[in-house]
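Beneath this line is the structure, given in structure tokens, with notes to follow.
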Amino acid sequence: MKPIFVRGVSHQFRLTLAIILSVALLVSNHRLDPIRQSLSSILSPLQYLANVPGVMLDWSAEAFATRNMLELQNKELLRQQLMMSERLQRFEHVRQENERLRALLGSPVHMDSRKVVAEVMEVASDPFRQFVVLNHGSQTGVYVGQPVVDAQGVVGQVIEVSEFTSRVLMVSDTTHGIPVRVTRNDVRAIANGTGDIDQIELRHVAKSTDIIAGDLLVTSGLGNRFPEGYPVARVISVSRDDGQSYAVINAQPLAALDRIRYVLLIWPDETKPFTLPADLVGVVATDPADVPQNIVPVNGEQPTTQTITSPTTGTDPAANNITPNTTSNSVGAPNTNQPTLNPASNNAANQSVSPSTPTNEVNQ
């Protein structure tokens with residue numbers, strides 16, 4: 001006769017086995033990434049198949065739309081197009097002026113980057129993680145850490161890539177942080193997610209920092225992850241309690257994280273070549289080696305022979321009737337080594353070396 005209650009594996013053995021498996025998974029976690037990517041690529045057709053009903057519903061809604069609805073949508077889109085065109089005209093003027101100023105100052109010019117529109121296929125069902133799945137993967141060139149934005153602001157960054165899909169961690173997730181700055185006064189901080197879909201916070205900000213409600217937060221460009229200048233959030237509340245070491249600053253993300261459908265993938269490193277405007281070609285110096293320099297004799301030594309080249313035209317100084325193996329005297333030096341001038345020159349009294357550089361000769 002068999003006993004009613006059969007003694008199984010002891011609880012101590014089960015606990016020990018669970019601990020060993022947990023430690024083994026923690027140690028080999030980074031080695032399982034290729035397996036995860038392979039499984040994600042295999043399951044990608046199922047994700048596309050699960051997305052078919054939504055696509056069919058949208059297609060049927062567009063196919064059976066009434067004439068009045070289409071007219072209203074057309075008018076609204078036309079109005080938005082006119083408003084955006086007006087803003088684009090103003091921004092284009094500001095962009096050109098910014099490029100000219102950066103060229104004059106010798107600062108690097110921010111150039112346009114490659115962008116691809118992606119569609120959200122899946123939203124995370126995990127209450128502790130906030131991410132979405134996009135319909136672009138490694139075949140499109142998506143990479144881990146790539147910034148993702150929508151029409152209003154920053155959405156997040158790519159954390160996992162498979163062959164046909166990619167997973168984007170949103171800025172509201174508790175594990176996400178992004179460097180930001182205040183557009184009003186350029187104060188920099190780190191915006192961290194709170195787990196709430198419509199709220200992020202600025203941590204470890206001194207209570208004396210000049211941040212007020214209504215300030216716009218944009219990406220600062222630090223960390224080489226997000227390009228500079230993309231809107232992130234707007235400050236909604238600032239609390240400076242005497243009992244706390246830091247100010248409590250909450251902000252609301254500008255991106256519609258709870259209803260995003262189309263996003264923009266950005267490749268900041270893949271930029272278009274920049275051409276300096278024609279009116280600045282003669283203003284900005286290219287290479288210091290190309291600029292003629294005055295050589296002053298020291299201790300009676302003869303000046304070093306030097307061939308002078310114009311930085312803008314690249315022509316030989318002989319075209320300006322100046323012998324190349326002589327140099328101009330500096331201000332106040334004895335006028336003993338004058339350049340040999342061509343008698344055919346009409347202005348032999350005072351000859352300029354380069355059309356784009358000032359004359360350094362002073363005739364005594």
Side-chain angles (χ1 to χ4, degrees), residues 22 26 29 87 91 94 98 107 110 120 122-134 144-160 167-261 263-266 268:
S22 300
L26 288 174
N29 184 29
R87 294 181 60 186
F91 289 162
V94 175
N98 187 25
S107 301
H110 295 276
V120 175
E122 179 186 347
V123 180
S125 58
D126 187 354
F128 303 103
R129 299 298 300 273
Q130 297 180 359
F131 61 86
V132 294
V133 178
L134 306 181
V144 175
Q146 184 172 7
V148 181
V149 301
D150 69 350
Q152 283 77 33
V154 176
V155 173
Q157 58 179 303
V158 177
I159 59 172
E160 184 178 332
R167 181 173 297 185
V168 176
L169 185 69
M170 294 192 290
V171 294
S172 58
D173 190 89
T174 55
T175 61
H176 191 280
I178 177 174
V180 297
R181 66 176 177 86
V182 181
T183 57
R184 180 173 56 87
N185 52 14
D186 287 340
V187 171
R188 288 179 171 83
I190 303 295
N192 299 96
T194 60
D196 192 354
I197 197 69
D198 58 351
Q199 183 175 335
I200 61 176
E201 63 179 358
L202 304 182
R203 299 176 184 173
H204 306 104
V205 178
K207 290 187 289 185
S208 60
T209 306
D210 184 15
I211 298 179
I212 60 176
D215 283 341
L216 178 64
L217 305 177
V218 299
T219 54
S220 63
L222 300 179
N224 297 326
R225 183 61 60 89
F226 291 88
E228 182 183 0
Y230 282 91
V232 178
R234 189 174 294 277
V235 178
I236 56 177
S237 65
V238 179
S239 176
R240 296 179 173 88
D241 191 359
D242 295 336
Q244 296 179 349
S245 302
Y246 300 99
V248 180
I249 303 175
N250 296 321
Q252 183 177 8
L254 296 178
L257 302 179
D258 57 343
R259 52 184 180 275
I260 54 174
R261 182 175 177 186
V263 296
L264 207 60
L265 293 167
I266 301 176

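Just so you know, residue 1 is the first one in the sequence shown, and it goes up from there.
- Considering only residues two or more places apart in sequence or on other chains, Thr175 meets the side chain to side chain donor-acceptor pair (under 3.5 Å) condition with Asp173.
- Thr174 places no side-chain N or O within donor-acceptor distance of the main-chain N or O of Gly195, the cut-off being under 3.5 Å.
- For residues 204-215, the set of pairs meeting the salt bridge (charged side-chain N to carboxylate O under 4.0 Å, His left out) definition, not counting sequence neighbours, comprises Arg184-Asp210, Arg184-Asp215.
- In terms of modelled atom types and a separation under 3.5 Å, the side chain of Ser239 and the main chain of Val248 share no donor-acceptor contact.
- Asn29 is linked by a side chain to side chain donor-acceptor pair (under 3.5 Å) to Arg36, counting only residues two or more places apart in sequence or in another chain.
- Listed here is the closest heavy atom pair of Ala247 and Ala206: CB-O, 4.2 Å.
- The shortest side-chain heavy-atom distance between Ile266 and Tyr230 falls under the 4.5 Å cut-off.
- Under the side-chain contact (heavy atoms from CB on, under 4.5 Å) criterion, Ala191 pairs with Ile178, Val180, Ile200, Leu202, not counting sequence neighbours.
- For the pair Leu134/Val120, a side-chain contact is recorded, criterion being any heavy-atom separation below 4.5 Å from C-beta on.
- Legend: ring pair (Phe, Tyr, Trp, His ring centres under 6.0 Å) pairs involving residues 172-213, not counting sequence neighbours, sorted by first then second residue: His204-Tyr246.
- Annotation: salt bridge (Lys or Arg N to Asp or Glu O under 4.0 Å) contacts of Arg261 (sequence neighbours excluded): Asp58, Glu119.
- Judged by distance alone, the side chain of Arg234 and the main-chain N or O of Gly214 form a donor-acceptor pair under 3.5 Å.
- Here the closest non-hydrogen pair linking Val218 and Pro231 is CG1-CA, 3.9 Å.
- Counting heavy atoms from C-beta outward, Val235 and Ile212 have side chains that stay 4.5 Å or more apart.
- With sequence neighbours excluded, the residues satisfying side-chain contact (heavy atoms from CB on, under 4.5 Å) with Pro179 are Ile190, Ser220, Leu222.
- For Thr209 against Arg240, the heavy-atom pair with the smallest separation is O-NH2, 2.8 Å.
- Minimum interatomic distance between Gly156 and Val168 (heavy atoms only, all atoms of both residues): C-CG1, 4.1 Å.
- With sequence neighbours excluded, no residue satisfies side chain to side chain donor-acceptor pair (under 3.5 Å) with Asp150.
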message: Apply side chain to side chain contact (heavy atoms under 4.5 Å, CB included) to residues Val182 and Leu217 and explain how you reach the verdict.
response: CA-CA 5 Å; Val182 181; Leu217 305 177; 3.7 Å; yes
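- For Asp186, the salt bridge (Lys or Arg N to Asp or Glu O under 4.0 Å) partners at least two apart in sequence or on another chain are Arg181.
- Every residue two or more places apart in sequence or in another chain was checked for a salt bridge (Lys or Arg N to Asp or Glu O under 4.0 Å) with Asp241, and none qualifies.
- Residues Val148 and Leu265 are in side-chain contact: their nearest non-hydrogen atoms beyond the backbone lie under 4.5 Å apart.
- For Ser172, the side chain to side chain donor-acceptor pair (under 3.5 Å) criterion is met by Gln130, not counting sequence neighbours.
- In this structure, the side-chain contact (heavy atoms from CB on, under 4.5 Å) partners of Arg87, at least two apart in sequence or on a different chain, are Met84, Arg90, Phe91.
- Remark: side-chain polar atoms of Gln157 are not paired, donor with acceptor, to backbone N or O of Leu169 under 3.5 angstrom.
- For the residue pair Pro147 and Phe226, the shortest heavy atom distance occurs at CB-CD2, 3.6 Å.
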